[in-house]
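Reading through the structure tokens given below for one structure.
If you're wondering where the values come from, they're calculated on a predicted model, not measured in any experiment.
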Amino acid sequence: MALPGRVRLVEVGPRDGLQNERQIVPATVRVGLIERLCDAGLAVIEVGSFVSPQWVPQMADSSEVLRAVLGSPRCRPAVSFPVLTPNLRGFDAAIEAGAREVAIFAAASESFSQKNINCSVAESLKRFAAVVDAASALEIPVRGYVSCVVACPYEGAIAPQKVATVAQRLFEMGCHEISLGDTIGAGTPGAVQRMIEACAVVMPMDRLAGHYHDTFGMAIGNIYASLELGMAVFDSSVAGLGGCPYAAGATGNVATEDVLFLLQGLGIDSGIDMAALLVASEYISRHLGREPASKAARALLARRGGAA
Ligand code: HMG
Ligand code: MG
């Protein structure tokens, strides 16, 4: 199959990336990062989560971040700024802060569901149905995530059919797009393709997105394998945020710069400007006191003589 001519990138660095960083990044820096990502042409930027601050203290200021972003002249109205909402309480708080798009997050693994959101997969789907109903009453689009689509840190390999079942439930519930999360980055191209093929039987390919963490350096290969099947939406994090690349068990998302480099090489349009993206990458890397995890960013900055 011909590769897609255009790809949409969903920038998840300010949420998935920063939720996993050991240091808590202040709201002002998170807003500065999101403004720079807007400058780079990202059209969807996940800005935070309305989850329990006991569970994820890094995302505690998400109301403040969302309000500031919505009020910033640099954050164009055409950009969408979804936030994660695990339950009605989070949804109400997100709406109060001005959210116009939300995301719910289920898992294909029972153990991961328990560890992540403290309930079974079935119970989570009930909670999410309530969020989707509330959102649909306000005409708020809802994106659905499925975690552990290839493997679970507690249960090991996950069967593609299990992923497809949860994806289908979220889709039928009313999610406009289902993002397939290789949470621990254990996927390799063949396994990822088998998983996508199972999902594409129960819902249209153009409603599926790939969300690959890069723990084993396989994410770019997995994106290419997904493009081959016609997938055209991918989640990524500027600078490969999320977990220090030098620490054991680090699980950052695939870096936006690496994905953009791949897409440019393939002649696939994404509307993103690499030079402006590198500004965002340097900005957050400088704040974190380290180089971007992105190989493309490091190579391009070195060529330019810039320091991250
Ligand atoms: P729980 O403890 O079972 O919830 O947590 P609860 O209903 O019993 O409430 C306990 C306390 O939390 C109460 O406060 C609630 O009010 C409060 P207390 O009365 O004790 O003071 N609470 C909340 N506070 C703020 N916002 C809320 C909220 N809800 C309850 N929305 C809960 C259940 C879901 C809340 C918790 O487990 C949680 O917050 N989990 C979030 C975990 C998380 O954010 N994980 C990361 C995102 S998922 C991800 O990264 C994967 C993804 O990237 C894809 C991939 O890579 O696979 C998307
Ligand atoms: Mg993730």
What distance separates [X] [atom1] from [Y] [atom2], expressed to the nearest 0.5 Å?
| X | Y | atom1 | atom2 | answer |
| --- | --- | --- | --- | --- |
| L301 | S294 | CG | OG | 8.5 Å |
| I34 | L42 | CD1 | CG | 11.0 Å |
| I272 | L277 | CD1 | CG | 7.0 Å |
| M231 | L208 | CE | CG | 5.0 Å |
| D182 | N222 | CG | CG | 6.5 Å |
| N87 | I117 | CG | CD1 | 9.0 Å |

Salt bridge or not between [X] and [Y]? Use side-chain N to carboxylate O under 4.0 Å.
| X | Y | value |
| --- | --- | --- |
| D258 | K295 | no |
| D235 | R143 | yes |
| R290 | E21 | yes |
| R298 | E291 | yes |
| E110 | K162 | no |

Would you say [X] has more than 12 foreign heavy atoms packed within less than 6.0 Å of its [atom1]?
| X | atom1 | result |
| --- | --- | --- |
| R67 | CZ | yes |
| F105 | CZ | yes |
| E96 | CD | no |
| R169 | CZ | no |

Do the side-chain N and O atoms of [X] and [Y] include a donor-acceptor pair separated by under 3.5 angstrom?
| X | Y | result |
| --- | --- | --- |
| E101 | H176 | yes |
| S62 | R30 | yes |
| Q168 | E172 | yes |

Side-chain contact test, heavy atoms from C-beta onward, threshold under 4.5 Å: evaluate it for [X] versus [Y] and give yes or no.
| X | Y | value |
| --- | --- | --- |
| L227 | L266 | yes |
| S226 | Y212 | yes |
| R74 | D39 | yes |
| P153 | C148 | yes |
| H213 | D16 | yes |
| Q19 | S49 | yes |
| L125 | I104 | no |
| F91 | F50 | no |

Does [X] reach the main-chain N or O of [Y] with its side chain, forming a donor-acceptor pair under 3.5 Å?
| X | Y | result |
| --- | --- | --- |
| T165 | Q161 | yes |
| T183 | S147 | no |
| S136 | E139 | no |
| S237 | G240 | no |
| E155 | S111 | yes |

Least distance between heavy atoms, [X] atom then [Y] atom:
| X | Y | answer |
| --- | --- | --- |
| N20 | G242 | CB-CA, 3.8 Å |
| M218 | G187 | CB-O, 3.2 Å |
| V132 | G174 | CG1-CA, 4.2 Å |
| L241 | G13 | CD1-O, 3.8 Å |
| V166 | A107 | CG2-O, 3.7 Å |
| F81 | V47 | CD2-CG1, 3.6 Å |

Cation-aromatic face contact R15/Y145, 6.0 Å, 45 degrees: yes

Do the side chains of [X] and [Y] join up, straight or via other hydrophobic residues, at under 4.5 Å, putting them in one cluster?
| X | Y | result |
| --- | --- | --- |
| V29 | L66 | yes |
| V192 | F216 | no |
| V121 | I184 | no |
| L70 | I140 | yes |
| L288 | I24 | no |

Check against side-chain contact (heavy atoms from CB on, under 4.5 Å), I178 and L180: CA-CA 6 Å; I178 306 299; L180 300 167; 4.2 Å; yes

side-chain hydrogen bond (donor to acceptor under 3.5 Å, both in side chains) between E11 and T256, worked out: CA-CA 7 Å; E11 171 62 46; T256 309; 2.6 Å; yes

Test salt bridge (charged side-chain N to carboxylate O under 4.0 Å, His left out) applied to R8 and E177, step by step: CA-CA 12 Å; R8 178 158 50 88; E177 185 168 279; 2.6 Å; yes

Verdict with supporting geometry, L18 and M59, side-chain contact (heavy atoms from CB on, under 4.5 Å): CA-CA 8 Å; L18 296 186; M59 291 290 107; 4.0 Å; yes

N253 vs S236, side-chain hydrogen bond (donor to acceptor under 3.5 Å, both in side chains): CA-CA, chis, key distance, verdict: CA-CA 6 Å; N253 293 93; S236 61; over 6 Å; no

